[in-house]
Colleague: 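First, the structure itself, so that you have it in front of you.
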Amino acid sequence: MFRRAIPFGASRNVHFGVRHKSGGGRRPKKKIYHRVAELDRVMELRKKPLMILHLTSLIQSQPHHSPLFLRDLEKNVGFVRKWAFMALIDKHPSVFRVAGTPPSVSLTARARTLAQEEAHARASMESLLVTNLRKLLMLCVDCKLPLQTLELVGPQLGLPSDFKDCLVPKYPQFFAVRPFRGRDCLLLEDWDSTLAVTARETRLSQEGVVDLKANGDRRKVNISRDGNYLGPFAFKMNFPAGFRPNVGYLKHLERWQKLEFPSPYLNARRFDAADPKARKRSVAVIHELLSLTMEKRMTSAQLEAFHAECLLPSQLLLCLIKHQGIFYLTNKGERSSVFLKDAYFGSNLIDKCPLLQFYDKFMALCGRGNIDLCDNKNSLPAIV
């Protein structure tokens, strides 16, 4: 989707065919989409951990806790990827142990002990998952979502693969599964207005900004070079290095930051899509969708899956490009992805859920250094 629409090159800046108007015989300039190397690096840093965690899951899923025969590895990961996994096993003897005839791979005693903590991490996340799932359904126009869509985004939300059988039935007061137009959908049974608060509003409340009046102070405000403003309807901006907005752009951005807009949790059918307030609300909906994920990002396919359910902009790609101070698109990795920029400090996710903390702790076994530069008090201690 985004991969075809944005032909990212190897250079830092990406040029689009859309041109600025210019006069005086000057050649019009192409719009430039600036790369963010730190967020591109996130995609590179997660390749090896994903493979290690995948192989660990394969070993743990063997019946009767038996080891995984190397000859059976191809059945699970394919012929080509088998060799990458074989190299991974060889490079990490602190995690994987090869023995026996025919050779089989198992977890080392230390890795096996640590892997058992994953169940505790997932159990501690259950209340958060239920809350986020309720908020996700509240964002949808009819408070329902096809199970097929939930299965697509489930890994990003932290949902277990069998959430339909192990999680949903435990909370009949919140969820129900019913067929709708030939597809099974998850429906919200109980609307809770206390949950209709966005991550953006929560951050502003913590900063003491949410109670400010949008039009209460009419003094001239100096234009901020970074696009950030104090106000109840403002988004946190983080422009990429090399982006040099002119005064006209910043004045327009200031007006947009001050523009009031309806809550993302109100039904989108109530608003005219052409209204500037409704267009800003669409940005808030995307912001909230990304905020509900574990890593504050989605692949382009996952975000597109919410197009009809949340009435996202028809030109979603252009919306994301226009607001590059809020979102970042990258084609690094196997699939193009959309990041929520204010959730990251450099390459590091600021707030990590218990499951991500467990993953960090497990990856410390592989000698992976702690790259988290944030003061995250909730982080699990690294293994020495």
Colleague: Are side-chain N/O atoms of Ser57 and Gln60 paired as donor and acceptor at under 3.5 Å?
Modeller: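 Per modelled atom types, Ser57 and Gln60 side chains form no pair under 3.5 Å.
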
Colleague: State the CG-CG distance between Leu136 and Leu195, to the nearest 0.5 angstrom.
Modeller: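 Reported to 0.5 Å precision, the distance equals 12.5 Å.
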
Colleague: Do the ring centers of His34 and Phe239 come within less than 6.0 Å of each other?
Modeller: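 Ring centroids of His34 and Phe239 are no less than 6.0 Å from each other.
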
Colleague: Quick check: do Arg35 and Pro240 have side-chain heavy atoms less than 4.5 Å from each other?
Modeller: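 Contact flag for Arg35/Pro240 side chains = no.
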
Colleague: Specify the closest pair of heavy atoms between Leu365 and Ser94, including all atoms of both residues, with the distance to one decimal.
Modeller: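 Taking every non-hydrogen atom into account, O-OG, 2.7 Å.
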
Colleague: Would you indicate whether Gln315, at its atom CD, is surrounded by more than 12 heavy atoms from other residues, nucleotides or ligands within a distance under 6.0 Å?
Modeller: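 Not more than 12 within 6.0 Å, no.
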
Colleague: May I ask you to test the Arg281-Phe271 pair for a side-chain heavy-atom distance under 4.5 Å?
Modeller: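 SC-SC contact between Arg281 and Phe271 confirmed.
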
Colleague: More than 12 non-hydrogen atoms from neighbouring residues, nucleotides or ligands closer than 6.0 Å to NZ on Lys322, yes or no?
Modeller: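 No.
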
Colleague: With side chain to side chain contact (heavy atoms under 4.5 Å, CB included) as the test, would you mind laying out the steps for Thr202 and Gln206 before giving the verdict?
Modeller: CA-CA 6 Å; Thr202 300; Gln206 293 170 349; 3.8 Å; yes

Colleague: Any salt bridge linking Arg71 with Glu74? Criterion: basic side-chain nitrogen under 4.0 Å from a carboxylate oxygen.
Modeller: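 The answer is no: the pair does not qualify as a salt bridge.
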
Colleague: If I compare all heavy atoms of Leu139 with all of Pro264, which pair ends up nearest, and what's the gap?
Modeller: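 Here Leu139 and Pro264 meet closest at CD2-O, 3.7 Å.
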
Colleague: Is the number of heavy atoms from other residues, nucleotides or ligands within 6.0 Å of NE2 (His307) greater than 12?
Modeller: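 Yes.
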
Colleague: Is the Phe327 to Phe339 ring centre distance short of 6.0 Å?
Modeller: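 Centroid separation for Phe327 and Phe339: 6.0 Å or greater.
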
Colleague: Would you say the side chains of Tyr359 and Lys352 form a donor-acceptor pair under 3.5 Å?
Modeller: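 There is no such pair (donor and acceptor under 3.5 Å, judged by atom type) between the side chains of Tyr359 and Lys352.
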
Colleague: Is it true that Lys135 and Glu288 have a side-chain N and a carboxylate O under 4.0 angstrom from each other?
Modeller: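 Between Glu288 and Lys135 there is a salt bridge, with a charged N closer than 4.0 Å to a carboxylate O.
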
Colleague: For residues Val77 and Leu58, determine if any side-chain heavy atom of one lies less than 4.5 Å from a side-chain heavy atom of the other.
Modeller: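 A side-chain contact under 4.5 Å exists here.
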
Colleague: Is Arg122 paired with Glu126 through a side-chain N to carboxylate O contact shorter than 4.0 Å?
Modeller: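 A salt bridge is absent here (no side-chain N lies under 4.0 Å from a carboxylate O).
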
Colleague: Looking at Gln257, is its backbone amide N or carbonyl O close enough to the side chain of Lys280 to form a donor-acceptor pair, meaning the two atoms are under 3.5 Å apart?
Modeller: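 Checking the backbone N and O of Gln257 against the side chain of Lys280, a donor-acceptor pair under 3.5 Å is found.
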
Colleague: Would Lys144 pass as a cation-pi partner of Phe180, given that its NZ or CZ must be under 6.0 Å from the six-membered ring centre and within 45 degrees of the axis?
Modeller: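 Lys144 over Phe180 ring: yes.
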
Colleague: Would you tell me whether Asn76 and His54 have side-chain atoms, one donor and one acceptor, within less than 3.5 Å of each other?
Modeller: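 Not at all, the side chains of Asn76 and His54 share no donor-acceptor pair under 3.5 Å.
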
Colleague: What verdict does the salt bridge (charged side-chain N to carboxylate O under 4.0 Å, His left out) test give for Glu117 and Lys361, after you've listed the backbone C-alpha separation in whole Å, the side-chain angles of each residue and the deciding distance to 0.1 Å?
Modeller: CA-CA 10 Å; Glu117 296 184 17; Lys361 188 175 179 180; 3.2 Å; yes

Colleague: Spell out, yes or no, whether Val197 and Leu133 are grouped together once hydrophobic residues are joined by side-chain heavy atoms under 4.5 Å, including indirect joins.
Modeller: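 Unlinked, Val197 and Leu133 end up in two clusters.
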
Colleague: With a cut-off of 6.0 Å (strictly less than), are more than 12 heavy atoms of other residues, nucleotides or ligands near CD of Gln62?
Modeller: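 It does: Gln62 CD has more than 12 such atoms within range.
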
Colleague: So which heavy atom on Leu129 is nearest to which on Pro160, and how close?
Modeller: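 Taking Leu129 first and Pro160 second, the nearest heavy atoms are CD1-CD, 4.3 Å.
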
Colleague: Around Lys82, counting heavy atoms of other residues, nucleotides and ligands shown, do more than 12 lie under 6.0 Å from its NZ?
Modeller: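 Enclosed.
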
Colleague: Tell me, yes or no, whether the heavy-atom count around Trp191 atom CH2, taken from other residues, nucleotides or ligands under 6.0 Å, exceeds 12.
Modeller: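 Above 12, so yes.
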
Colleague: Could you give the distance from CG (Leu145) to SG (Cys185), rounded to the nearest 0.5 Å?
Modeller: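 Answer rounded to 0.5 Å: 7.5 Å.
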
Colleague: In Å and rounded to the nearest 0.5 Å, what is the CG to CG distance from Leu55 to Leu88?
Modeller: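 Here the interatomic distance stands at 6.5 Å.
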
Colleague: Mind running side chain to side chain contact (heavy atoms under 4.5 Å, CB included) on Asn238 and Tyr344 for me, showing each step along the way?
Modeller: CA-CA 10 Å; Asn238 184 10; Tyr344 282 82; over 6 Å; no

Colleague: Please examine the side chains of His287 and His323, heavy atoms only from C-beta on, and report whether any two atoms are closer than 4.5 Å.
Modeller: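 Heavy-atom side-chain distance check fails, nothing below 4.5 Å.
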
Colleague: We want to know whether Thr330 and Ser337 form a side-chain donor-acceptor pair, criterion being a heavy-atom distance below 3.5 angstrom.
Modeller: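 No pair is found: no donor N or O on one side chain lies under 3.5 Å from an acceptor on the other.
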
Colleague: Kindly give the heavy-atom pair with the smallest separation between Ile59 and Ser106, and that separation in Å.
Modeller: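 Heavy atoms only, the tightest pair is CG2-CA, 4.1 Å.
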
Colleague: Run the salt bridge (charged side-chain N to carboxylate O under 4.0 Å, His left out) check on Lys236 and Asp226 step by step: do they pass?
Modeller: CA-CA 9 Å; Lys236 187 174 181 180; Asp226 61 8; over 6 Å; no

Colleague: If we ignore angles and hydrogens, is there a donor and acceptor under 3.5 Å between the side chains of Glu38 and Tyr328?
Modeller: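 Side-chain D/A pair, Glu38 to Tyr328: absent.
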
Colleague: Linking I/L/V/M/F/W/Y whenever any side-chain heavy atoms sit under 4.5 Å apart, do Leu311 and Leu289 land together?
Modeller: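 No, Leu311 does not connect to Leu289 through the hydrophobic network.
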
Colleague: State whether Phe235 and Arg200 meet the cation-pi test: NZ (Lys) or CZ (Arg) under 6.0 Å from the six-membered ring centroid, and within 45° of the perpendicular axis.
Modeller: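 Yes - Arg200 lies over the ring of Phe235, closer than 6.0 Å to its centre and within 45° of its axis.
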
Colleague: How about Leu355 and Glu118: do any of their side-chain heavy atoms sit closer than 4.5 Å?
Modeller: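 Yes - at least one pair of side-chain heavy atoms lies under 4.5 Å apart.
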
Colleague: Quick one: does NZ or CZ of Arg134 land under 6.0 Å from the six-membered ring centre of Phe174, within 45 degrees of the ring axis?
Modeller: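 Ring-cation test returns yes.
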
Colleague: Distance from Leu250 atom CG to Met237 atom CE, nearest 0.5 Å?
Modeller: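 Between Leu250 CG and Met237 CE, I get 10.5 Å after rounding to 0.5 Å.
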
Colleague: Answer yes when Glu189 and Arg178 have at least one side-chain N-carboxylate O distance shorter than 4.0 Å, and no when they do not.
Modeller: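 Salt bridge present between Glu189 and Arg178.
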
Colleague: Out of curiosity, Leu349 CG to Ser347 OG, how far, rounded to the nearest 0.5 Å?
Modeller: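 With rounding to 0.5 Å, CG (Leu349) is 11.0 Å from OG (Ser347).
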
Colleague: Any carboxylate oxygen within less than 4.0 angstrom of a Lys/Arg side-chain nitrogen, looking at Asp165 and Lys170?
Modeller: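 No.
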
Colleague: Between Leu70 and Met86, is any pair of side-chain heavy atoms under 4.5 Å apart?
Modeller: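 Heavy-atom side-chain distance check passes, below 4.5 Å.
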
Colleague: Give the ring-plane orientation class for Tyr171 versus Phe175, where under 30° counts as parallel, over 60° as perpendicular and anything between as tilted.
Modeller: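 Correct class here is perpendicular.
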
Colleague: Ala196 and Glu201: which non-hydrogen atoms are nearest, and at how many Å?
Modeller: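 Distance-wise, the nearest heavy atoms are O-OE1, 4.2 Å.
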
Colleague: Specify the closest pair of heavy atoms between Arg279 and Ala274, including all atoms of both residues, with the distance to one decimal.
Modeller: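 Of all heavy-atom pairs spanning Arg279 and Ala274, the closest is NH1-O, 2.5 Å.
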
Colleague: Using atom types as modelled and distance alone, determine if a side-chain donor or acceptor of Lys296 lies under 3.5 Å from a backbone N or O of Ser291.
Modeller: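 Present.
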
Colleague: Is there a continuous path of hydrophobic side-chain contacts, each under 4.5 Å between heavy atoms, that joins Phe243 to Leu253?
Modeller: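 Yes, Phe243 and Leu253 fall within the same hydrophobic cluster.
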
Colleague: Grouping I, L, V, M, F, W and Y whenever their side-chain heavy atoms are under 4.5 Å apart, do Trp256 and Tyr249 come out in a common cluster?
Modeller: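 In one cluster with Trp256: Tyr249, yes.
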
